[in-house]
Amino acid sequence: MTISLKPRPAPAPVSAQSHAPILAAEQLSYTYPGRGYDPVHALERISLAVAPREFVCVVGPSGCGKSTLLRLLAALLHPTAGQVLFEGQPLLEPRHRIGFVFQKANLMPWRTVLANVQLPLELQGLPQAPARQRAQELIDLVGLAGFEHARPRGLSGGMEQRVAIARALVHNPDVLLLDEPFGALDALTRERMGAELLRIWQARTKTVVMVTHSIPEALLLADRVLVLSPRPGRVRLALEVPLPRPRHRDMEYSPEFAALARQVRETIEAA
Amino acid sequence: MAALPLARPRWPVPIAPETDVSRGSCFMATLESQSKYPAPPRRAAPRPGWRRLAAGAAVPLSLLAGLAAWEAIVRLNQLPAFMLPGPVVVWRRLLEVLAGGWLLWHAGITLGEILGGLALGVAGATLVGYGVSKSPALDHVLTPYIVASQAVPIVAIAPLLVLWFGVGLRSKVLICALIVFFPVLINTVVGLRSVEPDLRDMLRTLRATRRQTFAKLEVPAALPVWLGGLRVGATLAVIGAVVGEFVGADRGLGFLINFGRGQYDTALVLVASGALVAIALALYGLVAACERVLLAWRA
Ligand SMILES: Nc1ncnc2c1ncn2[C@@H]1O[C@H](COP(=O)(O)OP(=O)(O)OP(=O)(O)O)[C@@H](O)[C@H]1O
Ligand SMILES: [Mg+2]
C-alpha cells in the first residue's frame, strides 16, 4: 500500500465531475437487532448523494439515526437493506480514502500527540521519517505545534479533538466523515474549531459530511444541510445554503441567515 | 472497592493494576487509569527535612524494634531453640548454610521451579484468555472448567500431580503454573474486554489488520490489567513451589523447611522461610519495575 504525501491533483473541471457523486446512499435501511428488547429501526430507506468537494451537514432530532448513517457511510456498519456507493461502486468495507472523526476524540492515551497523528501512516507501513514529517505538518495545521510530545491526558477537550482531526487528515483521505466532532466543546471553542475546519476544507478541498446539533454551525459551514426526520430517519429537507464564501460569523445576523435557520428549525420541530 | 466498570459479570472483579508500591499499599485498587483527567502526582510533595528523614528511618527502626522484641520474648520465656530460636541464633544459622553453599543451591532449585511455572502459567493463561475474550463459544465451554479448577484447593491436587509427574522439577512447575493460571487468565480477559470499542472502530476505519489491532491497540490497552495479574501470579507461584516441595521432593527450599522441621532445626526452618520471602519480594519488585517502565505513560 502506498500513499501520496502530496495533495492529490486538483479534480477535473466542475462540469465533468459534479454530476457523479463521490458518496451516495441508496434506499439505505438499518435496524439494530434487539437483544431482549424490540429491534430498533434506526434508518429507513434513506437516499442521499454527496458531490466531490461538497460540504454537507446533517442535522436532526436526537436519536434519529445520524450516527448510524455516518457509520453506514464509513462501512463500519452494514446496511440491512440498500447500499452505499463510493465513486459508483458498492462500499463493503472501510476505505483509506474515507476518513472518520468520532464524537469523542478517541486518542490512544499511551501515545503522544505525534504518535497518535502518525498512526494511520504507521498502519500503512510508511517509513518512520516521512511519516513523522507528515504528522508534524498536520499538527502545525491544526495549531498544536509545541504539543507533539504531550500525552492526550495533558490536553484540553478542544486540543484532543484537533488531534483527532489531524489524525483523520494525515493519510490524505478524499472524504471526511465527522460525527459531532465539536459536540463536547463550549460555544466559543466550537466556533473557532468550525472556522478551522472550514479553513482546512478549503485548503485541501475534501468532501465533508458532518453531523451536528447546531443549526447555525451547519449553515455557516455547509454547502447543503440535510434535515433528518425522527426515527426511522429519512431526509426531510435538503437545503442548499446560498451564503457566499468565505463565510464569517457576522453572517449569522443577516436576515437571509435567519430565514434559513428558521426553515431548518421548523423542519426539525415539525415531527 | 468499586468494580471495574467494563468488567463483564461473568468474571470476578480482577485485581486492578493501579497499585502504588511506592506507598506500600498493595491491594488498594483505584480506577484512575480509566479517567482521562490527570492523575494526582504520584510522589508525595517534598516534606521538611527532618520529617523525610523520619519517614526514611521508619522501616529500619520498626524492623529493629521487631528483632529486639523477638529476642526479648525468647530470653524472658527461656524458650529452647527448637521452639523459637532468637534472631542471633537464626543469623548464625543463616551464615552457616550460606557458607555451606546449600542454601543458595536449594533456593536456586526453587527459583527455577517458580520461574518455569510462572512462564508456563502466564503463557497458557494469556493464550487461553485471548481466545476466551475473542470467542464467546470458547468462553462458554471453558468457564466451568476454569472455575472448577480454581475451586479445588491446590494442596488437594498437588499430591496427584506429584504422583503423575514424579517428585522432580516437572510436578513443581505444573503446580506453580496451575496456581498462576487463574489470576492471569482473569486479568487477561478483563484487560482485553476493557479495550474501547470506539478505538477498535477507529482502527477499522484505518483498515488495520488483526495483527496491527493486536499489537497497537489490544496489547497496550490490556497491559495495565494484565500486569496486575502477573503481580499476583508472581507471589502465588512461590506458594505453588513450596506446596509442591512439601508434598514430595528431595531438594528446594520447601524440602529444606520440611527437613529442618524433622530435625527440630527451627532456625533452619526460619532461614529457609526467609529465603522464600526474599524470592517473593524480588519477583514482586521485578514486576513492579516492569510496570513502572511499561506504564510510564500514565505517570
Ligand atoms: N448499538 C445500538 N444498539 C441498539 N440500538 C441502537 C444502537 N445504537 C443506536 N441505537 C438506536 O438507534 C437510534 C439511532 O441512533 P443514533 O446513534 O444513530 O442516533 P443519533 O441521531 O446519532 O442521535 P444523537 O443525536 O443523540 O447522537 C436510536 O434510537 C438508538 O436508540
Ligand atoms: Mg449520534
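In what follows, every chain begins at residue 1, and chains take the letters A, B, ... in the order their sequences are listed. Below, all heavy atoms of this structure are taken into account, side chains as well, without hydrogens, waters or symmetry copies.
No other option in Lys216(B), Arg207(B), Gln212(B) has as many heavy-atom pairs under 4.5 Å with chain A as Arg207(B).
Rounding to the nearest 0.5 Å places CD of Gln103(A) at 9.0 Å from CG of Asp198(B). Expressed to the nearest 0.5 Å, how far CG of Leu199(B) lies from CZ of Phe102(A) amounts to 8.5 Å.
Across every non-hydrogen atom of Met202(B) and Asn106(A), the tightest pair is CE-O, 4.0 Å. Closest approach of Pro109(A) to Trp297(B), counting heavy atoms only: O-CE3, 3.5 Å. Contact detail for Arg71(A) and Asp201(B): the closest heavy-atom pair is NH1-OD2, 2.7 Å.
The backbone N or O of Pro94(A) sits nowhere less than 3.5 Å from a side-chain atom of Arg204(B) that would complete a donor-acceptor pair. In this structure, Arg153(A) contributes its side chain and Arg298(B) its backbone to a donor-acceptor pair below 3.5 Å.
Side-chain contact between Ile98(A) and Thr205(B) is absent, with no heavy-atom pair separated by less than 4.5 Å. Contact of the Met108(A) side chain with the Leu203(B) side chain is registered, since non-hydrogen atoms from C-beta on lie closer than 4.5 Å.
Using a 4.5 Å cut-off between heavy atoms, Leu123(A) contacts chain B through both its backbone and its side chain. For a residue to count as touching a neighbouring chain, one of its non-hydrogen atoms must lie under 4.5 Å from one of that chain's; by this rule Ala296(B) does not touch chain A. Proximity to chain B involves both the backbone and the side chain of Arg95(A), based on heavy atoms less than 4.5 angstrom apart. For Leu177(A), no part sits under 4.5 Å from any heavy atom of chain B, backbone or side chain. For Ala75(A), the part lying near chain B is the backbone, with the side chain staying farther off; criterion is any non-hydrogen pair under 4.5 Å.
For Tyr32(A), the OH atom counts as densely surrounded, since its 6.0 Å shell holds more than 12 non-hydrogen atoms of other residues, nucleotides or ligands.
In this structure Leu114(A) satisfies the side-chain contact (heavy atoms from CB on, under 4.5 Å) test together with Thr112(A), Gln118(A), Arg132(A), Ala135(A), Gln136(A), Ile139(A), Glu148(A), His149(A), sequence neighbours excluded.
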